[in-house]
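Since the structure is predicted, the reported quantities are computational estimates derived from the model, not experimental observations. Basis for what follows: all heavy atoms, side chains included, without hydrogens, waters or symmetry-related copies.
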Amino acid sequence: MKKSCAGRVARRIVGMGILSLAILPPAISATWAAPAALPPGLSAAQIDAVVARARDAFHVPGVAVAVVYDGQVVFARGYGRRGEDAHSGNVDTRTMFAIGSNTKEFTTTALATLVDAGKLKWDDRVIDHMPEFRVADPAITRDFRVSDLLTHHSGMGEGAGDLMLFSHSTFTRPEVLAALPYMPFTAPFRVDYAYNNLLYVVAGALVEKISGTSWENYVQSHLIDAAGLPACQSTPPVSGQMDVATGQGEDPALPDRATLRLPAVAPAGGIWCSVDGVSRWVQMFLNGGKTPQGRTIISTAQRDVVWAPHALLPLPDTAQATQGHFRAYGYGWFTEDFFGKKRVWHTGTIDGMVSYVSFLPEMNTGIVVLTNHDDHHATYAIQTTLNSLVVTGKSDDWVQHWKDEATAKEAEAAKAAATDGPGSPARPFITLSAQAAHDYVGLYHDDWRGNLHVTQKGTELRLTFDKAIGLSGVLSALPHDLFVVRWDNRAQDAEDDSYVQFQRDMTGKVVGMKMQVIGSDFSFDAQDLHPRKVSDQP
């Protein structure tokens, strides 16, 4: 399982031309029947064309898109395959995708239902509902509010604690809560924005504490089933469920229901849903918290609270091109101005898939894009194009923009690797004798992540984690007690290869290590680990 996050854009667009939306022959696996017209400025042919271009540019096996307009789902279509295998089934509107951080809106909506019921207030102190709640600073613990769980301004670093949630982690939710006091603060409380999944897990535990049932049960019954979201569930899919997408690098085999392990990360990124399901979720939000049948899921007042700006963010690099002047985070939602219109949105990345949900409330429009490729460029290209067409009737070439960005990043990374990366002429690997390698063997313990093991077979050293089935790799030596761990599972973990710097005391004995991911996956937060050697026996 990989990170659950909001995607980011990295450079400014200047002088972009208008996007040509010539119709390409997309691989369409489901026809659509629109009960009403698409928003002015947007056509089915334009949607098909940009999806085809994005799939081709970023090698995306499958995509599902839906559009909600004036209270109705007016477009829903599947494109391509459910997995990387050329023989996998076709995506349709009931194909379930992992939606990652778009789960966060379900968790904040669950909290909103408790606010509506008078069981909770957004400014309540967390410890008044969860006396066991602790963070590293006792003063911050005492003042930590429910809203602070949701706005990514806690003072913890970006992705803090994600190693308890992803990378094959087997941590339980109670274990995550118990480790929370050991997470370091890297900025003042309520000042700097740093995306955080860990506190959404705490928010899910808060739902459990107040409701008296599991987060999975509460979300399924009070939100998914109550709102009538088809092909949507709060638990992972199991063997026997056929219409399920497989993410990039993931095993298509599904677990048996009897052996299913519910992931600790679920309140931050655990929901699986089809485009039919997410589009009806969008429909409910655009309708002020009510289903088309008139059932209230949350009040309009609480819908407006979760959509309101609660914490300011820096402008994105694309702000000039989209005439943006502000960006903020609400409770589980980003909000910004987009060509003079309010836009509310969120993305999600997990299990090799990326989702993107976007609202244009003043245009009575919502757009959903689900993909089974671990790359945010395609979803950003499709969503920004479709949102631009709805608001302005035209669009810059966003597919080409993010293709250029991806190409530039790949070239930059290749240059850095060749210049001074591990194994380059500037930093060559070295071969250690079996005796020299033995210095590093042992059991290491980190306060929040638990035990790590360094084992030896001949001259080969290996690093493994407890509570992470399958996260293990070979340690390759560089000079000065520095190593690179290359993880065994290349399909899932290659981007998380990390430096491992062993530390010695004044006598020359190895006493601990530090780690730093080589790439840019902020969810592999190895920099927060401080494992100390507790035994020479692994």
Side-chain angles (χ1 to χ4, degrees), residues 1-4 7 24-31 48 50-66 76-100 166-168 231-233 235-257 259-261 263 269-278 348-356 368-379 381-382 399 403 406 410 469-471 487-496 521:
M1 178 179 287
K2 294 301 293 179
K3 56 187 173 296
S4 178
L24 300 178
I28 300 173
S29 61
T31 58
D48 291 345
V50 72
V51 169
R53 289 190 64 219
R55 286 188 63 217
D56 180 65
F58 302 109
H59 312 292
V60 182
V63 177
V65 177
R77 186 171 291 186
Y79 304 81
R81 307 185 309 277
R82 293 199 294 260
E84 295 178 290
D85 185 346
H87 300 291
S88 61
N90 292 330
V91 172
D92 58 41
T93 62
R94 296 294 174 98
T95 301
M96 288 197 302
F97 293 76
I99 66 170
F166 307 110
S167 301
H168 313 276
C232 195
Q233 59 192 56
T235 56
V238 295
S239 179
Q241 293 184 268
M242 304 302 296
D243 201 354
V244 179
T246 302
Q248 182 182 0
E250 298 291 320
D251 185 349
L254 297 174
D256 292 332
R257 188 178 301 275
T259 61
L260 178 65
R261 180 182 62 84
I271 285 176
W272 287 70
C273 204
S274 67
V275 79
D276 276 353
V278 182
T349 302
I350 199 169
D351 289 347
M353 306 189 216
V354 182
S355 63
Y356 195 149
V368 180
V369 179
L370 309 177
T371 70
N372 58 357
H373 186 65
D374 192 7
D375 184 337
H376 73 270
H377 294 100
T379 53
I382 296 168
V399 175
K403 183 64 176 177
E410 290 170 3
I469 299 171
L471 184 63
W487 304 112
D488 298 334
N489 190 328
R490 306 311 295 164
Q492 292 185 2
D493 304 324
E495 67 180 26
D496 296 329
D521 180 6

Please enumerate all residues that pass side chain to side chain donor-acceptor pair (under 3.5 Å) together with [X], with sequence neighbours excluded.
{"X": "S355", "value": "N102"}
{"X": "N489", "value": "none"}
{"X": "R490", "value": "D497"}
{"X": "Q233", "value": "Q241"}

Give the intermediate values and the outcome of side chain to side chain contact (heavy atoms under 4.5 Å, CB included) for residues L370 and V63. CA-CA 6 Å; L370 309 177; V63 177; over 6 Å; no
[X] vs [Y] side-chain heavy atoms within contact, under 4.5 Å:
{"X": "P61", "Y": "H373", "value": "yes"}
{"X": "V238", "Y": "D256", "value": "no"}
{"X": "C232", "Y": "W272", "value": "no"}
{"X": "S274", "Y": "T95", "value": "no"}

How would you list, by chain and number, every residue that makes a side-chain contact (heavy atoms from CB on, under 4.5 Å) with D85, sequence neighbours excluded?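 Listed in chain order: H87, S88.
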Quick one: side-chain contact (heavy atoms from CB on, under 4.5 Å) partners of I469, sequence neighbours excluded?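 Checked I469 against side-chain contact (heavy atoms from CB on, under 4.5 Å); matches are T170.
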Would Y79 and N90 count as having a side-chain donor-acceptor pair, cut-off 3.5 Å?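 Note: Y79 and N90 side chains miss the donor-acceptor criterion.
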Does either side chain, that of H59 or that of D375, offer a donor lying less than 3.5 Å from an acceptor on the other one?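 Side chains of H59 and D375: no pair found under 3.5 Å.
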Would you mind checking if R82 and D92 are paired as a salt bridge, meaning a charged N to carboxylate O distance below 4.0 Å?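 The answer is no: the pair does not qualify as a salt bridge.
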Look at D243 together with R94 and state whether they make a salt bridge at an N to O cut-off of under 4.0 Å.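 No, this pair does not count.
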Please assess V368 against V65 for the test side chain to side chain contact (heavy atoms under 4.5 Å, CB included), listing each intermediate value before the final yes or no. CA-CA 5 Å; V368 180; V65 177; over 6 Å; no
Begin with the C-alpha distance, continue with both residues' side-chain angles, and end with the deciding distance and a verdict on side chain to side chain contact (heavy atoms under 4.5 Å, CB included) for R77 and V275. CA-CA 8 Å; R77 186 171 291 186; V275 79; over 6 Å; no
As a test of understanding, state which of R53, R55, H377 forms a side-chain contact (heavy atoms from CB on, under 4.5 Å) with V399.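 Result: among R53, R55, H377, R53 is the only option passing the side-chain contact (heavy atoms from CB on, under 4.5 Å) with V399.
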